2 protein chains.
Amino acid sequence: MVRRRIEIKPIEDKAKRHTTFTKRRQGLMKKAKAFATDFEAEAAVITFSKAGNLFGLGHPSVDSLLDRYLAEPSSQLATETAINGAEKRIGEGVESGRWDLAVGDLGLEELGEVAAEVEKIKRTVVARAAEIAAAEGKNSPGEFSGAGSTIE
Amino acid sequence: MVRRRIEIKPIEDKAKRHTTFTKRRQGLMKKAKAFATDFEAEAAVITFSKAGNLFGLGHPSVDSLLDRYLAEPSSQLATETAINGAEKRIGEGVESGRWDLAVGDLGLEELGEVAAEVEKIKRTVVARAAEIAAAEGKNSPGEFSGAGSTIE
DNA sequence: AGGCCTATATATAAGGT
DNA sequence: TACCTTATATATAGGCC
C-alpha cells in the first residue's frame with residue numbers, strides 16, 4: 001500500500017515477504033487491541049501463516065474469547081467436514097471410563113489430555129449438527145454477526 | 001483518529017458511538033481478510049461488543065480456524081476463572097448417561113444441547129488446568145506466537 | 001532481526017444528503 | 001438508516017542502519 005505508485009506484483013520474495021508479513025500482522029493485532037479497548041469490547045485474532053505458525057492476540061485473552069464463542073448458538077453451525085461415526089466415538093469415550101476420574105487429582109498435563117478428548121467429542125457432535133444444518137439448506141458464511149442482546 | 005486535531009474525549013455517545021463501532025469493526029475485518037489473502041494465510045477475528053453481540057470473520061472460516069487452534073498445544077493454557085467442583089460435575093455428566101445416546105438419532109436442537117453440555121465439561125477441565133498453571137507461576141499473555149513449522 | 005524514516009495508501013470522524 | 005465527501009490520522013513498503 002505504499003511508496004510504489006503501482007505494486008501489481010503479487011509479491012517479491014523471501015526475506016522481504018517475511019518482513020512485510022510480520023509488520024502487517026503486528027498492525028492487525030494492534031488494531032484489534034485498540035478496537036477492543038476503545039469500545040470496551042472483547043476481541044481476538046488468530047492467524048496461521050502458510051508455514052503453519054500460529055499467532056494470536058486476545059483482549060482480554062484468546063482463550064476467554066473462544067470459550068465465550070463456543071458457548072454461542074452460532075458456533076453450532078461449524079463449517080467442518082462431515083463426520084460419521086459420532087455415536088461410536090461418544091460410546092467409546094464413556095466406556096473408557098475416563099470422565100469419572102477425579103479431576104482434582106490430575107496434573108496439568110493429564111488435564112490437558114482430558115480437555116483435548118472432551119473437545120474431540122464436542123467437535124464430533126458439532127460436526128454432526130453442521131451436517132444436519134447443511135442438509136436443511138443453511139450455510140456458514142465467512143462473516144457473521146449474531147445477536148446476544150439489544151444494542152451494538 | 002480524524003477531523004478533530006484533538007479528540008481526547010473518551011467517547012461521544014449513543015448513535016455516533018455505534019456508527020463508529022460498526023465502521024471500525026468492518027475495517028478490522030477487512031484488514032484481516034486482506035492479510036489472509038495477501039499471504040495465503042488463515043485468519044479469524046471474533047469480537048463481542050459491550051452489549052454482548054457477536055461478530056466474526058474467518059478466512060477460510062472462523063470454525064475451521066478455531067478447530068485448528070484448539071488442536072494446538074498453546075490452547076491448553078486457558079485463562080478462565082477458577083472452578084472448583086470439577087470432578088463432581090464430570091461425575092454427574094457421566095452418570096446422567098447422556099453421552100451414550102446415539103448421536104445419529106438426535107435432531108439439530110438436541111445436538112446443540114449435547115454440544116453445550118460437553119463444552120461445559122471441557123471448560124471446567126480447562127479452568128482447573130488454568131488454576132494449576134497459575135499456581136505454578138505461569139500466566140497467559142494476551143498475545144502469543146507458537147511455532148508450528150520452521151518459517152514465518 | 002529489530003528499529004527508524006519518509007512518502008504514500010488506507011482508514012476513518014464528522015458532517016452532509 | 002444508509003450512502004457520499006472531506007480532512008486528517010494511521011498503517012505500511014521500501015530504504016537505511
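In this text the structure is predicted, and so the values were computed from the model without any measurement. Each chain gets a letter, A, B and so on, in the order the sequences are listed, and its residues count up from 1. Atoms considered below: every heavy atom in the structure, side chains included; atoms not considered: hydrogens, waters and symmetry mates.
- Spacing between atom CZ of A/Arg17 and atom P of D/dA13 amounts to 12 Å, rounded to whole angstrom units.
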I'd like a list of close polar pairs between nucleotides 5-7 of chain C and the protein, N/O only, cut-off under 3.5 Å.
residue : atom : partner : partner atom : Å
C/dT6   : O2   : A/Arg3  : NH1          : 3.3

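- Relative to the ring axis of B/Phe35, A/Arg25 does not place its NZ or CZ within 45° and under 6.0 Å from the centre.
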- request: Go through B/Phe144 and A/Leu57 one step at a time and tell me if the side chain to side chain contact (heavy atoms under 4.5 Å, CB included) criterion holds.
  value: CA-CA 7 Å; B/Phe144 62 82; A/Leu57 165 79; over 6 Å; no
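- Distances from the side chain of A/Lys30 to the nucleotides D/dA11, D/dA13, C/dA13 place D/dA11 closest.
- Across the protein-nucleic acid pair, B/Gln26 atom CD and D/dC3 atom C1' stand 12 Å apart, rounded to whole Å.
- Put simply, the side chain of A/Ser61 never gets that close to the backbone of A/Gly58: no donor and acceptor are under 3.5 Å apart.
- The nearest whole Å value for the distance from the CZ atom in A/Phe35 to the P atom in C/dA13 is 11 Å.
- B/Thr22 and B/Thr19 are not linked by any side-chain donor-acceptor pair at a separation below 3.5 angstrom, with hydrogens and angles left out of the test.
- Distance A/Phe21 CZ to D/dG14 C1': 19 Å, rounded to the nearest Å.
- Relative to the six-membered ring of A/Phe48, B/Arg68 meets both conditions, a distance below 6.0 Å and an angle of at most 45° to the axis.
- Atom-to-atom, NZ of B/Lys31 to P of C/dA9 comes out at 14 Å; the value is rounded to the nearest Å.
- Checking side-chain atoms of A/Thr37 against main-chain N and O of A/Ala34 turns up a donor-acceptor pair under 3.5 Å.
- Between A/Arg25 atom CZ and C/dA1 atom P the separation is 12 Å, expressed in whole Å.
- As judged by a 4.0 angstrom heavy-atom cut-off over every strand, A/His18 is placed among residues touching the sugar-phosphate backbone only.
- Taking side-chain N and O atoms only, B/Arg24 has a distance below 4.0 Å to OP1 or OP2 of C/dA13.
- The distance between atom CG of B/Leu28 and atom P of C/dT10, rounded to the nearest whole Å, is 17 Å.
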After noting the C-alpha distance and the side-chain angles of B/Val45 and B/Phe55, does the key distance pass the side chain to side chain contact (heavy atoms under 4.5 Å, CB included) rule? CA-CA 8 Å; B/Val45 180; B/Phe55 304 90; over 6 Å; no
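- Taking atom CE on A/Met29 and atom C1' on D/dT10, their separation rounds to 18 Å, with Å as the unit.
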